[in-house]
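To keep things clear, I will list the structure first and then write my remarks on it.
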2 protein chains.
Amino acid sequence: MDTIFNKVDAKGRVSLPSDYRAIVKELSTEIVCYRSLTAPCIEGCTEELLDKLATEIENATDFFSETQDNLTNLIFGDAKRFTFDSTGRIMLTEKLLKHASITDTAVFVGKGRKFQIWNPENWEKEEARIRAEALKNRPTLTRKTEGE
Amino acid sequence: MDTIFNKVDAKGRVSLPSDYRAIVKELSTEIVCYRSLTAPCIEGCTEELLDKLATEIENATDFFSETQDNLTNLIFGDAKRFTFDSTGRIMLTEKLLKHASITDTAVFVGKGRKFQIWNPENWEKEEARIRAEALKNRPTLTRKTEGE
DNA sequence: CTATACCTTATGGTATATCATGGGTTTTTA
DNA sequence: TAAAAACCCATGATATACCATAAGGTATAG
């Protein structure tokens, strides 16, 4: 998956890049999007992945625990299903667009089993940051990820 | 899933968001609501889930023996069935609305298998609190849940 | 090796269906 | 009998589905 720039029209519609669609389509015709917790961008994935995460939370925390309560609110309160039509577009909400400061162009960035949607300028900065960081931590990284 | 703001009309009626309805409708046309034990909000789910919760409480007797009675009383004594009509609306009771301080607008917050109903201002505060908290505990979280 | 035809994908526009919400009417119940 | 709740219909807003066009890329034929 590479980085793709697509236009956002006046209604908030964006074409999900065809490569992304192809992967999702094997399972369904919808994705889930939510505001990234740590970055000014939108994150997307399949519902399956989100369900898996929810199950993990349920297993790792107690039913009545504050942690479980907070996490489920955080994840499911924010996440929204987006079905894409025959032309492969989704309609992003105001909340999501605002969080990522996206107006007329959205940058799709593949992240393995999920992806991110950025404002072009912000992504440019982020990419530079990531590259610098990766270079700095290279020795540690290679040791850690051995199994991949 | 998702957070949705709906109006409460003069008669106390609220539209249950269509996405929520779609999931419930496969089974029936009613949900169960009760006052949250931990937060100033209303909680809602299907009757099936409440039954499951009852079983879980029973199974956890070893750990909750003291509080089991209290829990069952609090939840089941409070829970009430709400059928939604052809337009998808329910009529919440005074008791529930008062507990959540809801007057003219109700915020539906998805929690996976259940949902919460909040007063807009309270939810805004709660959401900010949760997100800040999650950000602070991020290292711990990611280790536990292996994803984000 | 180049040009043309074809296919895929992105994007703009439009019509249709859905949903939230308001109001009115009937039925229940206290 | 009065108040409240369930039911029904109407409407405006909005999202969704669909069609048409444009642009880019690839394969094939000349």
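Lettering follows sequence order; numbering is per chain, from 1. Both backbone and side-chain heavy atoms feed into the values below; hydrogens, waters and symmetry mates do not.
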Worksheet item: Would a 4.5 Å heavy-atom cut-off, applied to side chains only, mark T3(B) and E127(B) as touching?
Response: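 Result no, sub-4.5 Å side-chain heavy-atom pair not found.
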
Item to complete: Taking the side chain as every heavy atom from C-beta outward, state whether F115(A) and I31(A) have any atom pair closer than 4.5 Å.
Response: yes

Whole angstrom value for the distance that separates [atom2] of [N] from [atom1] of [X]:
X	N	atom1	atom2	result
D19(B)	dA15(D)	CG	P	12 Å
F84(A)	dC18(D)	CZ	P	14 Å
R89(B)	dC9(D)	CZ	P	14 Å
D9(B)	dA5(D)	CG	P	12 Å
F5(B)	dA13(D)	CZ	C1'	19 Å
F82(B)	dA5(D)	CZ	P	11 Å
K7(A)	dA22(D)	NZ	C1'	13 Å
R13(A)	dA17(D)	CZ	P	12 Å

Practice prompt. For R129(B), look at atom CZ and say whether over 12 heavy atoms of other residues, nucleotides or ligands are found less than 6.0 Å away.
Written response: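 Atom CZ in R129(B) is crowded, with more than 12 foreign heavy atoms closer than 6.0 Å.
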
Practice prompt. Determine the interplanar angle of the W118(A) and W123(A) rings, folded into 0 to 90°, and report it as parallel if under 30°, tilted if 30 to 60°, perpendicular if over 60°.
Written response: tilted

Need one value for [X]: base, sugar-phosphate or nothing, where a base atom within 4.0 Å counts as base even if backbone is also close, heavy atoms only.
X	answer
M91(A)	base
T87(B)	base
I4(A)	nothing
D85(A)	base

Fill in: Interface limits on DNA chain C, where chain A has a heavy atom under 4.0 Å of a nucleotide atom
dT9(C) to dT14(C)

Worksheet item: Of T83(A) and S86(B), whose closest DNA chain D nucleotide lies nearer the 5' terminus?
Response: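 Looking at the nearest nucleotide for each, S86(B) comes out on the 5' side.
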
Worksheet item: Hey, which of these two, S15(A) or K11(A), hits DNA chain C nearer its 5' end, going by closest nucleotide?
Response: S15(A)

Worksheet entry | Identified salt bridge (Lys or Arg N to Asp or Glu O under 4.0 Å) counterpart of E47(B) within the set R81(B), K114(B), K52(B) | R81(B)

Discussion item. Five pairs per end, C1' atoms only: what is the angle between the end axes of the helix from dC1(C)-dG30(D) to dA30(C)-dT1(D), to 10 degrees?
Written reply: 30°

Worksheet item: Do you know the tightest heavy-atom contact between L97(A) and I42(A)?
Response: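 So the minimum-distance heavy-atom pair works out to N-CD1, 4.3 Å.
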
Discussion item. Keeping D78(B) on the side-chain end and Y34(B) on the backbone end, is there a donor-acceptor pair under 3.5 Å?
Written reply: no

Fill in: Any donor-acceptor pair under 3.5 Å from N6(A) side chain to V14(A) backbone
no

Fill in: Rounded distance (nearest 0.5 Å) linking atom CZ of R113(B) with atom CD1 of I23(B)
11.0 Å

